[in-house]
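Written below as structure tokens is the structure these notes are about.
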Amino acid sequence: MANVESFDLDHTKVKAPYVRLAGTKQTPRGDTISKYDLRLLQPNAGAIEPAAIHTLEHLLAGYLRDHIENVIDVSPMGCRTGMYMAVIGEPDEQGILRGFEAALRDTAAHDRPIPGVSELECGNYQDHNLSAARQHAADALAGGLKVQATVLLKR
């Protein structure tokens, strides 16, 4: 089985909320794709409930693109403690941090219908929780987002 970067991260040493460059890949044409770990909750200390992380995915998919150029994808982590974001290029982590903060502020203040929530637009359109998503965004902001270095497991 191929090595997975996140399995090499020492989840006991990182301190959420944070932004972390999880890795980069080169495409066959020479473009760089950067993957960021946008962590909202401390690993193994809690998890975002499924309806809330689904709503966070819908909101952050748009709001991150409003504040960060060349976003390819925003996806929830299976452990439900944050999101992964892939972008074209190698933006600096401070710029990603500022964009993530702005997107979280937008999410915490979101008072309109959740985008993409219909049977036509979403594969599980009835499973959303806007108030919980807003609270998670506000809590992450209150927690003081920072850039987190990658701390590898000592094997």
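Residue numbers count from 1 along this sequence. Heavy atoms only: backbone and side chains are in, while hydrogens, waters and symmetry mates are out.
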Open item on the list: According to side-chain hydrogen bond (donor to acceptor under 3.5 Å, both in side chains), who are the partners of D73, at least two apart in sequence or on a separate chain?
Closed with: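 Testing D73 for side-chain hydrogen bond (donor to acceptor under 3.5 Å, both in side chains), a comparison that skips the adjacent residues, returns S75.
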Please round to the nearest 0.5 Å and tell me the distance separating atom [atom1] of [X] and atom [atom2] of [Y].
{"X": "I114", "Y": "T55", "atom1": "CD1", "atom2": "OG1", "answer": "4.0 Å"}
{"X": "L59", "Y": "R112", "atom1": "CG", "atom2": "CZ", "answer": "9.0 Å"}
{"X": "Q26", "Y": "T32", "atom1": "CD", "atom2": "OG1", "answer": "3.5 Å"}
{"X": "Y63", "Y": "T107", "atom1": "OH", "atom2": "OG1", "answer": "6.5 Å"}
{"X": "K13", "Y": "L152", "atom1": "NZ", "atom2": "CG", "answer": "12.5 Å"}
{"X": "N129", "Y": "Q135", "atom1": "CG", "atom2": "CD", "answer": "10.5 Å"}

When you measure from the side chain of [X] to the backbone of [Y], do you find a donor-acceptor pair of N or O atoms at a distance under 3.5 Å?
{"X": "H11", "Y": "L9", "result": "yes"}
{"X": "Q148", "Y": "A16", "result": "no"}
{"X": "Q126", "Y": "E119", "result": "no"}

Please report the shortest heavy-atom distance between [X] and [Y], naming the atom on each side.
{"X": "A137", "Y": "A108", "value": "CB-N, 3.9 Å"}
{"X": "L60", "Y": "A103", "value": "CD2-CB, 3.9 Å"}
{"X": "P113", "Y": "H110", "value": "O-NE2, 3.1 Å"}
{"X": "A133", "Y": "A52", "value": "CB-O, 3.8 Å"}
{"X": "V14", "Y": "P43", "value": "CG2-CG, 3.9 Å"}
{"X": "V19", "Y": "Y36", "value": "CG1-CD2, 4.2 Å"}

Task: From CA spacing to verdict: side-chain contact (heavy atoms from CB on, under 4.5 Å), Y18, L97 - done: CA-CA 8 Å; Y18 64 77; L97 177 68; over 6 Å; no
Open item on the list: With side-chain contact (heavy atoms from CB on, under 4.5 Å) as the criterion, how do T24 and S34 come out once you've worked through the C-alpha distance, each side chain's angles and the decisive distance to 0.1 Å?
Closed with: CA-CA 4 Å; T24 60; S34 299; 3.5 Å; yes
TODO: Determine, stepwise, if the pair H67 / D106 fulfils side-chain contact (heavy atoms from CB on, under 4.5 Å).
DONE: CA-CA 10 Å; H67 300 288; D106 292 342; 2.6 Å; yes
With the 4.5 Å side-chain cut-off for hydrophobic clustering, are [X] and [Y] part of the same group?
{"X": "L145", "Y": "V147", "value": "yes"}
{"X": "L21", "Y": "V74", "value": "yes"}
{"X": "L141", "Y": "L130", "value": "no"}

Open item on the list: Run the salt bridge (Lys or Arg N to Asp or Glu O under 4.0 Å) test against D8 and tell me which residues pass, sequence neighbours left out.
Closed with: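 With sequence neighbours excluded, D8 shows a salt bridge (Lys or Arg N to Asp or Glu O under 4.0 Å) to R155, given in chain and number order.
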Open item on the list: Which residues pass the salt bridge (Lys or Arg N to Asp or Glu O under 4.0 Å) test with E5, not counting sequence neighbours?
Closed with: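 E5 satisfies salt bridge (Lys or Arg N to Asp or Glu O under 4.0 Å) with R20 once adjacent residues are dropped.
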Open item on the list: Tell me whether K146 at atom NZ has more than 12 heavy atoms from other residues, nucleotides or ligands lying less than 6.0 Å away.
Closed with: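 Result for NZ/K146: enclosed.
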Open item on the list: For D92, is the CG atom crowded, meaning more than 12 foreign heavy atoms sit under 6.0 Å from it?
Closed with: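 Count over threshold, so yes.
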Sequence neighbours left out, cut at 3.5 Å: what donor-acceptor pairs do the side chains of residues 76-90 make with other protein atoms?
unit_1	atom_1	unit_2	atom_2	d
R80	NE	I48	O	2.7
T81	OG1	R39	NH1	2.8

Open item on the list: Can you list everything that forms a ring-ring contact (aromatic ring centres under 6.0 Å, His included) with F100? Sequence neighbours excluded, please.
Closed with: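 F100 satisfies ring-ring contact (aromatic ring centres under 6.0 Å, His included) with no other residue.
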TODO: Kindly write out the residues that satisfy ring-ring contact (aromatic ring centres under 6.0 Å, His included) with H54, not counting sequence neighbours, or none if the list is empty.
DONE: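 H54 satisfies ring-ring contact (aromatic ring centres under 6.0 Å, His included) with H58, H128 once adjacent residues are dropped.
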Task: Candidates L38, L40, D139 - the one meeting side-chain contact (heavy atoms from CB on, under 4.5 Å) with L104 - done: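 With L104 as partner, L38, L40, D139 yield a single side-chain contact (heavy atoms from CB on, under 4.5 Å), made by L40.
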- [ ] Could you please spell out the steps behind the side-chain contact (heavy atoms from CB on, under 4.5 Å) verdict for H136 and L41?
- [x] CA-CA 9 Å; H136 282 292; L41 296 182; 4.3 Å; yes
